[in-house]
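Numbers for residues simply follow the sequence, beginning at 1.
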Amino acid sequence: MKTKPFVFSLFVTTAIISSCGSHYQVSQVSRTRLLVDSRYDSSPDMQAAQVVAPFQHVVDSTMSPVVGTVARYMSADRPEDLLSNLLPDILMWGAAKYDEKPDFAVYNIGGIRAALAKGTVTYGDVVDVAPFENKICFLTLSGEKVIELFQQIAARAGEGLSHGVQLTITPDSQLVSVTINGSPIDKNRSYRIATLDYLSQGNDGMDAFKSHTNLVSPQSEDNNIRYIIIDYFRDKMAKGQDVDTQLEGRVVIQK
């Protein structure tokens with residue numbers, strides 16, 4: 001069984017009271033990172049194990065089914081990485097179910113919460129990658145707003161962008177150029193985009209999404225991103241294929 005380390009951020013706040021009955025005031029905030037990995041398995045807490053035991057088999061039976069395989073280790077990082085390339089490509093793949101033909105897809109790197117190890121991928125692995133209740137959605141932006149969107153993505157030093165997008169930014173995160181399938185953005189046309197409902201609201205610094213029109217945002221549970229990812233993996237597995245992708249220069253920092 002694969003084991004994965006988890007990192008927790010611990011925040012410690014020191015407060016002082018200036019006088020009796022007054023409000024607390026924060027005087028200092030600090031944090032540290034605690035790595036939780038297999039070392040803790042050597043000294044298990046028996047009381048905690050007893051509390052968890054009645055639920056363990058239910059969790060294991062839900063999370064352990066294999067949904068596919070990946071050809072290599074995949075993680076998400078800026079400006080571009082394998083997993084942050086794969087997930088927007090999966091949004092493009094999933095669009096067919098909704099009779100949509102988007103021009104490109106955007107997946108926020110902040111929403112990708114784990115990496116995938118080479119080899120088998122379980123239901124639980126996908127939940128680790130996409131733990132939120134985000135749903136797939138489709139929307140339209142004007143060419144002018146698409147340029148604004150890519151300016152905002154450049155300011156964040158990149159996000160997950162689908163195949164066919166090539167974004168060049170400066171070292172200080174300014175937009176230099178962007179093309180979609182080899183063509184520059186046309187301010188006089190509209191673009192159909194696949195993304196997450198969370199981003200369609202303008203979150204994660206992508207305020208341009210607030211100007212969308214023709215929003216299709218199904219909210220039933222089966223439209224959750226994790227199920228679309230699982231469907232993609234299962235489709236590949238049924239064809240005897242590993243899931244794979246490449247670094248393509250989708251986001252490039254100009255030297």
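V29 and V26 get closest at one heavy-atom pair: CG2-CG1, 3.6 Å. Between P102 and A95 the shortest heavy-atom distance is CD-CB, 3.5 Å. Minimum interatomic distance between I180 and D103 (heavy atoms only, all atoms of both residues): CG2-O, 3.8 Å. The two residues D81 and S75 make their nearest non-hydrogen contact at OD2-OG, 2.9 Å. Considering every non-hydrogen atom in both P184 and Y191, the closest pair reads O-OH, 4.0 Å. Considering all non-hydrogen atoms of both residues, E100 and V216 come closest at OE2-CG2, 3.6 Å.
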**Request:** Tell me, with the steps shown, if R192 and F138 meet side-chain contact (heavy atoms from CB on, under 4.5 Å).
**Result:** CA-CA 7 Å; R192 195 69 172 156; F138 306 91; 3.7 Å; yes
**Message:** With side chain to side chain donor-acceptor pair (under 3.5 Å) as the criterion, how do Q28 and S30 come out once you've worked through the C-alpha distance, each side chain's angles and the decisive distance to 0.1 Å?
**Reply:** CA-CA 7 Å; Q28 182 181 2; S30 61; 4.9 Å; no
**Message:** Test side-chain contact (heavy atoms from CB on, under 4.5 Å) on I147 and K187; report intermediate values, then the result.
**Reply:** CA-CA 8 Å; I147 293 173; K187 292 183 178 180; 3.7 Å; yes
**Request:** Show your working on salt bridge (charged side-chain N to carboxylate O under 4.0 Å, His left out) between K135 and E221 and close with a plain yes or no.
**Result:** CA-CA 8 Å; K135 311 293 191 296; E221 185 180 0; over 6 Å; no
**Request:** Give the intermediate values and the outcome of side-chain contact (heavy atoms from CB on, under 4.5 Å) for residues S84 and I112.
**Result:** CA-CA 8 Å; S84 43; I112 305 172; 4.1 Å; yes
**Request:** Just do the salt bridge (charged side-chain N to carboxylate O under 4.0 Å, His left out) check on D128 and R113 with the steps written out, would you?
**Result:** CA-CA 6 Å; D128 288 343; R113 291 309 178 98; over 6 Å; no
**Message:** For a salt bridge (charged side-chain N to carboxylate O under 4.0 Å, His left out) check, start with the C-alpha distance between D89 and R250, then their side-chain angles and the critical distance, and finish with the verdict.
**Reply:** CA-CA 12 Å; D89 287 348; R250 299 184 189 187; 2.8 Å; yes
**Prompt:** What do the steps show when you test L139 against F209 for side-chain contact (heavy atoms from CB on, under 4.5 Å), and what is the final call?
**Reply:** CA-CA 8 Å; L139 53 84; F209 274 131; 3.7 Å; yes
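Within the 3.5 Å criterion, the main-chain N or O of V66 finds no donor-acceptor partner in the side chain of R234. For the pair R78 (side chain) and G158 (backbone), a donor-acceptor distance under 3.5 Å is present. Side chain of D45 to backbone of A48: a donor-acceptor contact under 3.5 angstrom is found. T195 places no side-chain N or O within donor-acceptor distance of the main-chain N or O of L199, the cut-off being under 3.5 Å. Judged by distance alone, with hydrogens and angles left aside, the side-chain atoms of Q166 form no donor-acceptor pair with the main-chain N or O of G164 at under 3.5 Å.
Aromatic pair Y198/F132: ring centres not closer than 6.0 Å. Residues Y123 and F233 keep their aromatic ring centres 6.0 Å or farther apart.
With contacts defined as side-chain heavy-atom distances shorter than 4.5 Å, the pair N224/D222 does not qualify. In this structure the side chain of I225 reaches within 4.5 angstrom of the side chain of L196, judged on heavy atoms. Inter-residue side-chain proximity for L91 and I136 is flagged as met; some heavy-atom pair is nearer than 4.5 Å. Side chains of F104 and I193 form a contact here, defined as non-hydrogen atoms less than 4.5 Å apart.
Atoms CG and CG, from D244 and L82 in turn, are 7.5 Å apart once rounded to the nearest 0.5 Å. Distance check, rounded to the nearest 0.5 Å: CD of E144 to OG of S190 gives 11.5 Å. In this structure, CD in Q152 is found 6.0 Å from CG in L149, a value given to the nearest 0.5 Å.
For the 3.5 Å distance criterion, the side chains of D172 and T170 qualify, holding a donor opposite an acceptor. In this model, no donor atom of one side chain and acceptor atom of the other lie less than 3.5 Å apart for D197 and S200. Side-chain contact, E80 with N85: a donor N or O sits under 3.5 Å from an acceptor N or O. Inspection of the S27 and Q25 side chains reveals no N or O donor paired with an N or O acceptor under 3.5 Å.
When hydrophobic clusters are built by joining Ile, Leu, Val, Met, Phe, Trp and Tyr residues whose side-chain heavy atoms come closer than 4.5 Å, directly or via intermediates, I253 is grouped together with V165. Note: the hydrophobic cluster containing M237 does not contain I229 (ILVMFWY, side chain heavy atoms under 4.5 Å, direct or indirect links). Under the 4.5 Å side-chain heavy-atom criterion for ILVMFWY residues, a single connected hydrophobic cluster contains both Y98 and W93. Residues L247 and V70 are members of one and the same hydrophobic cluster, defined by side-chain heavy-atom contacts under 4.5 angstrom among Ile, Leu, Val, Met, Phe, Trp and Tyr.
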